[in-house]
Amino acid sequence: MKISVIGCGYLGAVHAAAMASIGHDVVGIDLDPDKIASLSAGEAPFFEPGLPEILKQGVASGRLRFTTDMSEARGAAVHFVGVGTPQKKDGYAADLTYVNAAFAELAPYLSSGDIVAGKSTVPVGTAATLTPIVESAGATLVWNPEFLREGFAVKDTIDPDRLVVGVPAGDAGETAADVLREVYAPAVAKGTPFLVTDLATSELVKVAANAFLATKISFINAMAEIAEATGADVTQLAEAIGHDVRIGRRFLGAGIGFGGGCLPKDIRAFAARAEELGRGESVGFLREVDAINLRRRERAVTLVLDALDRDVVGKRITVLGAAFKPHSDDIRDSPALDVAVRLRGLGADVVVTDPQAIENARRQHPQLTYVEDRDEALRGADAVILVTEWDEYRRDLSPEHASSLTVGRVIVDGRNGLDAAAWRAAGWTYVGMGRP
Ligand code: UDX
């Protein structure tokens, strides 16, 4: 099938390459000429495992190309729109500038019978406002939210756990759902749940899912706060409640909390949209979810301060991690970097290391010191804080090896990923989050 993908960021670039990898003829379109040049050369403009391989294959096969020219969307049967919806500069709501611009620019190149599938995460009601633009070209607008996780984006796109398509009522909607089934034929053939809903439900599915995930993380972080006041251990608590299949252990990792380009801005946009709808109190708890999350960053800083007897000025502190989570070079709203910046603000001599995210981090926070090599970053440290649980730090760094590099023996485990007993046995002061 001929497919266009508008917007080639974390979502669109992966979607375009994944669609080509399952046999479609795909053109990816983005305004950024640098991004397009890199993608056209088969190079991923960001770190995403598996993406370079399918990009190269797609480009070499001739079934995948990239351009800045929107007119090349003409002739595609399905147009996916996956542009960004960041938080507004002056508030909590989503900024729909890029979505509105993409639809306005795409509209002249739509033909009767085309399908436009919105993938961006948008406030509920957005599809309804965009429908007239699409329908005036004789095309049909559907919403097909994306649930991919960075770091697993290729797998999540080709082999998702569910597909959701919001369609308008009537024949056009049913036809569009059938076309999307064809687009995702390999996943559908495998029996992947394929849910057809109305437009509003499909928009809500995405924000509801992210709100739930964020709430789950903040729930366990709230328990961490209680654990800190009582001497309990939140990691044991998480394990114990996680065995209840109704609760489940995943996303009960207490630590410095969630960040990234989705969860934080999505819960804020959801709360803002609910206010507009006169239902602010229905999701009022999301403000608390956000507040708990931000408190954990502050808490991590306090733990470092306490471990160093509140004297961090001039102390060398190695920050293990900059990305908002492992397997990603994304530093958007990264709790890891936030902690690093706060420590530096207190006068510490902060050294940040990360296997993938240093370049992005340096661009945003040039005031921090970055060292690529983990061991070089650890050398001479008075204290260490683990903030992104890359295997290089969580699994592969032994306390004995760390002892051969650092001056001090203080480690704050911002992700509760280390073996506390092993670090203590090696003579370290180990400090977890929500753990005695
Ligand atoms: C999220 C959703 O998972 C995905 O479905 C949606 O499409 C986009 O948003 P992503 O932002 O890639 O994906 O990251 P995710 O794996 O969900 O992690 C989000 C944040 O939560 C990270 O900062 C991570 O470190 C943190 N987290 C996760 C915890 O603090 N504890 C946990 O137990 C799990």
Side-chain angles (χ1 to χ4, degrees), residues 9-12 14-15 46-49 51 82 84-86 94 119-122 144-157 160-164 202-203 205-224 234-235 237-239 241-242 247-270 289-290 292-297 299-300 320-339 354 356-357 386-390 393-394 413-417 432-434:
Y10 284 97
L11 193 174
V14 175
H15 195 69
F46 48 85
F47 176 74
E48 182 61 48
L51 179 59
T85 51
K119 286 199 91 60
S120 305
T121 303
V122 290
N144 172 216
E146 181 56 60
F147 306 105
L148 67 79
R149 297 159 297 163
E150 287 176 24
F152 303 92
V154 173
K155 189 253 160 212
D156 286 352
T157 305
D161 48 17
R162 81 286 209 191
L163 287 155
V164 177
S202 66
E203 293 168 308
V205 167
K206 176 61 194 269
V207 285
N210 276 356
F212 191 88
L213 293 172
T215 302
K216 202 170 175 191
I217 298 168
S218 276
F219 175 83
I220 202 65
N221 278 328
M223 296 306 106
V234 75
T235 61
L237 174 79
E239 197 191 334
I241 64 171
I247 296 174
R249 176 65 181 78
R250 295 178 72 185
F251 273 68
L252 286 183
I256 57 168
F258 59 81
C262 292
L263 261 43
K265 64 118 177 142
D266 286 353
I267 60 168
R268 291 171 194 153
F270 194 10
V289 165
D290 203 359
I292 293 166
N293 191 53
L294 296 175
R295 280 205 297 272
R296 299 315 286 165
R297 303 174 181 192
R299 174 70 187 165
L320 297 176
F324 83 104
K325 67 170 191 181
H327 316 292
S328 172
D329 66 355
D330 196 346
I331 53 145
R332 287 176 292 172
D333 208 339
S334 169
L337 265 184
D338 195 3
V339 167
D354 189 286
Q356 294 293 339
L386 185 153
V387 279
T388 312
E389 67 276 37
W390 287 98
Y393 315 142
R394 189 189 54 81
D413 185 0
R415 294 293 185 179
N416 288 339
M433 299 203 62

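Read the numbers this way: they start at 1 and go in the same order the structure lists the ligands and their atoms.
- Surrounding CZ of F147 are more than 12 heavy atoms belonging to other residues, nucleotides or ligands, all under 6.0 Å away.
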| said: Show, in sequence, the C-alpha distance, side-chain angles and deciding distance for N210 and F258, and conclude whether the side-chain contact (heavy atoms from CB on, under 4.5 Å) test is met. | reply: CA-CA 11 Å; N210 276 356; F258 59 81; over 6 Å; no
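- For ligand 1, the 4.0 Å heavy-atom shell takes in E146, F147, L148, R149, E150, K206, N210, L213, I217, F251, L252, G253, G257, F258, G259, C262, L263, F324, K325, R415, ordered by chain and residue number.
- A salt bridge links K119 with E146; the closest basic N to acidic carboxylate O contact falls under 4.0 Å.
- Residues passing the ring pair (Phe, Tyr, Trp, His ring centres under 6.0 Å) test with F46, sequence neighbours excluded: Y10.
- In this structure, the side chains of L252 and R250 stay at 4.5 Å or more apart for every pair of heavy atoms.
- I267 has its side chain out of reach of N293: every pair of non-hydrogen atoms, C-beta onward, lies at least 4.5 Å apart.
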